[in-house]
Enquirer: 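So that we are looking at the same thing, I have put the structure below in structure tokens.
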Amino acid sequence: MRRKLAALLISSALLVAAGCGDDGGGDGDGDNGAGQPTGPDQVSVGLIPIVDVAPLFLGQEQGFFAARDIELATDFGAGGANLIPGVESGQLDFGFSNVISLMLAQAGGIEIKAVSNGNNSTGTQGEDFGSLLVPVDSDVQSAADLEGATVATNTLSNIVETIVRASVRNDGGDPSTVEFVGVPFPEMEAALAGGDVDAAFAVEPFQTIIRTNEVGRSVAWSWVDAAPDLTVAAYFTSAELAENNPDLVARFSEAMAESLAYANDNPDAVRAILPTYTEISEELAAELTLPTWPPEINRASSEALAQQAVQDGLLSEPPDLDALYP
Amino acid sequence: MLEVRGLHKVYDSHGRRVEAIGELTFTVDDGRFACVVGPSGCGKTTLLRCIAGLLPPTGGEVWVQGSQVTGPPSGLAVVFQEYGRSLFPWLRVRDNVELPLRAAGLPRARRRELATEALAAVGLSDAHRAYPWQLSGGMQQRVAIARAVAYQPQVLLMDEPFAAVDAQTRADLEDLIRSVWRRLGVTLLFVTHDIDEAVYLGERVIVLSAAPTRIREDLAIDLPVERDQLATRSDPRFTDLRAHIYAQIQKTRHPAPQEELS
Amino acid sequence: MTKLPGWQGLQRVALVLGLPAVLVVVWWFASADSDHLVFRPLSEILVAFRETWLGPRLVEDVLPSLSRLARGYAASVVLGVGLGVLVGWSRTLRALLEPVLELLRAIPPPALIPLIGLFAGLGDSRRIVIIIAGCVWPILLNTVEGVRAVDEVLADTCRSYRVRGLTRLRQLVLRSASPQIMTGARQALAIGIILMVISELRGTVHGIGFSVEQFQTSFRYPEMWSGVLLLGLLGVALALLFRLADSWILGWYHGLRASNRER
Amino acid sequence: MALSLRPLWLGVAGLVGFGALLELVPRLGVVDDRFLPPTSRILSVLAEQAGAGPLWSAVGNTVLTWAIGLALAVAAAVVLGVVIGSVRFLRAATASTIEFLRPIPSVAWIPAALVLYGPVRAGTLLIVVYAAFWQMLVQVLHGVADVDPVARDTAYSYRLGRWARVRWLTWPTALPYAVTGLRLAATVALILTVTGELFIGGPGLGAEILRASAGGAVPLTYALVLVTGLLGVAANLLFRLVERRALAWHPAVRGEVPA
């Protein structure tokens, strides 16, 4: 409770008399008391409206969550990195984030815990839900040619830098010479077309948009280069919630595992649900390369990824995966 | 030389047609001082604005220095009643006086010389660097007069310039205008609602009727050229002229039904 | 009871510095022993401030941000006043453009960022365009108001003294509209600072906003709070600078109002 | 700037002209139509969306956040403004602090809002209330300070109590300033609401713009931006009307509005 009190104090100090306190907080503050369930738990989940989170919506549609007394309230945060403070401050019960962000948070002293796998790469070169693209007329043929080049990434000092460096390194190039530029996904097409960047790492639906508009072509599949069957992202919660309400967390993880399995087995259902929570049209959804959704987090891939992040200087020391992962 | 031929002005705004000036024809020779007086709301200001080229007449013509007036003619200066609003509040007194000269493209030295001379003529030689709003009403009107003087116009129009100042200041300004007129030899048309002022100042007084305005009378003022507030105003001839004009204006306000205008 | 001049000055200083001093002291002690991850002690924040902003970052980040703000703001003033004079002066142009301007003004500039992002590339130009997209409106619309409200007697005076063209534009139109233009310029400055910060988020650029965002996402909270403090100081400094410019440019105007109030 | 009732058709012509310009530029290939869709497509997407529910719930959410933020800010500012404004010592003592806190850009608090509340409505509310509060407080303080000394002396001479003075003297004088403050605060609050939704979180038009651009739906992004503009126009008109009605009985006492 102490953290909430401090938050209230500071925010009211900030607003002089008009502290808007906690009551205006997240829509469902999650009845995380461990008391007897008085009806389905109102659970708030912070997400980004992207392909990767399709299983959660499928699980909701298929009733996997309802079956476990969980009613989801999805909240589209402005960006992955912003979800972590939301979950840590208790405003959101669960969040979705890439594993490097989770490791960085743990290193930064944020007490959070992964509860279920998010999504993995397809594991096959030449066909993945994200790739390193260069302008069509660029003379770059493979990742090694990107030495000294500027590469667009949606978030700096994060997972995309690690995997792109992995692609360059595996291809025999020196990754330290690559210069990264922050460009939101929707603006990568314009950046490539305008020649502002030499390459851009884009995920779906932008990978398909850039390719079908003949603005760019893929030269490397960095998720696959980083580690075999790489776990890209995971659902997580705050250590406090995991401690206070293990039952809810367990139920959420089970529902999530069932949803992931269902999504993996029903790609068409995934393509059908995309237009309901994102603005991806049916036609575009049909063309996308989907990630894979194995129910279990691929811990080995996280260790390999973390080791490369340490090598690149992104992480000062290897993360404590036992504490971080379920 | 100022010539008004058959001036006619009708205001037509949003369907309301107001005939301000019926028909006016008169001439003011070079260097003469003519006053225009009439009941309030009789289009005195409209007449002046038409002469100054600020307002297009509906009919008739105005000629200044031999050329027809279509817009503000060169060599003509106007002094407005709202002196506070006709001075630039962001310019110091001297810059206000110099602005028209700068617009006319005079070199700096010449401008400075004319401004200094004009300000001295109106007794403001020590107020050069002040802002207008730092001065009293009377002094602000003196700046406006200095601006007109520095402009060296052939024709000077004044629209009830002293209506908004107190009595003593008005007396000083009246004497100032007469001395400026005599020294510059400018053709001066002085519009006022104050009959005493018209008679005291003018060599001639044009009395206007109520709207639609016509000339009721064009009266020569045969008072001595040297005028001063005490002697002139106590001169019996002054009182006769004043009474005569007053009667004329009273008649125009509620004309006896049968009387036909001459 | 006549006060000694010294006492008078002392009292004024006490009033000015009193409350701020109390607040700082309260903040200092309230946060002194805080081991809280996010709410760092004030002492730590001040140390972070000195280390972060008074070092190389002053040139690497603070200067670029300010230069973009300056360029965007200057462009907005020129554009806003220029277009404002045109629109303000011609009745038809104003009637024609008023609804369009009202719509464009109402769009919150941050909403335009995803769109501007599609055109203006990744460099400074993108951020300057974003700043202009927010700053130009208050200046433009206040200029229009100012130009519309030029005193008719003054306008007639100019016409009768045949003051035309450039002199008229400068001496009559711009000067009489200047109080209203300055009101717009003050609002534009406040919006400019906001857009300076926002235009740097989620991209890569040397700037204050970008740095503060990096601190936040990498959980370096003392540096983050020091960035917030810097933005606060910057806002205050620019507001002060503006007041100086205002009292210099509108010296006549403040005098005029003061004298009217006395009369 | 009052949307004056000039010949309306001229204004409409302006809007149509602007729309036509945005139609031609992409059609003629001056700009790639993937980045600037022609107006016709934007409007058709908007029409489609207007039928569906999510657009209206987004507008509803933005208006809700805006209203909560504005209400909190105005309430706090009026109470504090009147209290501080009426006591000479308080006004003098707080002046410097207010002058320090006012120009702090509300976006400076985005990282703080994210940390305190995370990407939810409360975070957005923090910056909305902060920005709107100062707009309103400054106006109320100007209003209270503008009380005519003669009127105040009269009130004292009739021994009106403190509360009566506030009710019958301070408040009526401050009202025009407060109404102007309300209009300015409302405008700022709306801009900060959308900003908050874009950079912090919480449901509303900002979130929809993010979702549209995250889905590569460029025409929809433009349509949603247009909706924020229209919402802004509606808000400006509404509050200008409120201002004109509240001040209708009041001689134009409001001198130069410093805001």
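A, B, ... follow the sequence lines: proteins, then strands. Residue 1 opens every chain. Remember, predicted model here, so these are calculated numbers, not experimental data.
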Enquirer: Which atoms of Ser160(C) are under 4.5 Å from chain B, going by heavy atoms: the side chain, the backbone, both sets, or neither?
Expert: both
Enquirer: Between Pro153(B), Ala148(B), Ala144(B), who has the most heavy-atom pairs with chain C when the cutoff is under 4.5 Å?
Expert: Ala148(B)
Enquirer: Given heavy-atom pairs under 4.5 angstrom as the criterion, report whether the side chain, backbone, both or neither of Leu166(C) touches chain B.
Expert: neither
Enquirer: Between Pro89(B) and Leu256(C), which heavy-atom pair has the shortest distance, and what is it?
Expert: CB-CD2, 4.2 Å
Enquirer: For Trp90(B), run the side-chain contact (heavy atoms from CB on, under 4.5 Å) check against Ser176(C), Pro179(C), Ser178(C) and tell me which one passes.
Expert: Ser176(C)
Enquirer: Which region of Arg147(B), side chain (C-beta onward) or backbone (N, CA, C, O), has a non-hydrogen atom less than 4.5 Å from a non-hydrogen atom of chain C, or is it both or neither?
Expert: both
Enquirer: Answer with side chain, backbone, both or neither: which region of Leu76(B) has an atom nearer than 4.5 Å to a non-hydrogen atom of chain C?
Expert: backbone
Enquirer: What part of Phe80(B) lies closer than 4.5 angstrom to a heavy atom of chain C: side chain, backbone, both or neither?
Expert: side chain
Enquirer: Atom CG in Leu154(C), atom CG in Leu87(B): separation rounded to 0.5 Å?
Expert: 8.0 Å
Enquirer: Under 3.5 Å, is there a donor-acceptor pair between the side chain of Arg159(C) and the main chain of Pro72(B)?
Expert: no
Enquirer: Between Trp252(C) and Phe88(B), is a side chain to side chain contact (heavy atoms under 4.5 Å, CB included) present by the stated rule, with each step listed?
Expert: CA-CA 10 Å; Trp252(C) 60 272; Phe88(B) 294 83; over 6 Å; no
Enquirer: To the nearest 0.5 Å, tell me how far Gln171(C) CD sits from Leu91(B) CG.
Expert: 5.0 Å
